[in-house]
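So the structure is just underneath, and the comments pick up after that.
By convention here, the first residue in the shown sequence is residue 1. What's counted below: heavy atoms across the whole structure, side chains too, no hydrogens, waters or symmetry copies.
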Amino acid sequence: MLRDHLKIDESHTLEKVNHIQLRHQGQEEISEFIVKDAGGNPIGKVSVYDHLSTRRSYPTSYRVTQTDMAGHVVVDTLREVL
């Protein structure tokens, strides 16, 4: 589950705001979410890159990036499964 890889409270919600599918060799998909607090105020953003094509020596399928509203990175991780 995506929430397991983020630094958010149980009261926070994720609202999907965008989905992009890039038509190139890796067929990458990008899903973007807004993190909202219990009052419905936005407190951050999350981007999930699916089918990530890397040239690294280890395989990975997802990149999860969480930022606060100021744009500071809170989480940036590579995962094989979500």
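Annotation: side chain of Y62 is not in contact with side chain of L78 (no heavy-atom distance under 4.5 Å). Counting only heavy atoms from C-beta outward, the side chains of L14 and V35 approach each other to under 4.5 Å.
Taken to the nearest 0.5 Å, the CZ atom of R79 stands 5.5 Å off from the NE2 atom of H5. In this structure, the separation between CD1 on I30 and CZ on R63 is 10.5 Å, given to the nearest 0.5 Å. To the nearest 0.5 Å, the span separating CG on N18 from OG on S31 amounts to 8.5 Å. Rounding to the nearest 0.5 angstrom, the gap separating the NE2 atom in H19 from the CZ atom in F33 is 9.5 Å.
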Would you mind writing out the side-chain donor-acceptor pairs for residues 6-13 within the sub-3.5 Å range, not counting sequence neighbours?
residue : atom : partner : partner atom : Å
H12     : ND1  : D9      : N            : 3.1

Table please: side-chain donor-acceptor pairs of residues 37-48 below 3.5 Å, with sequence neighbours left out.
residue : atom : partner : partner atom : Å
D37     : OD1  : G39     : N            : 3.0
D37     : OD1  : G40     : N            : 3.1
D37     : OD1  : N41     : N            : 2.8

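Members clustered with V74: V75, by chain and number, using a 4.5 Å side-chain heavy-atom cutoff among hydrophobic residues.
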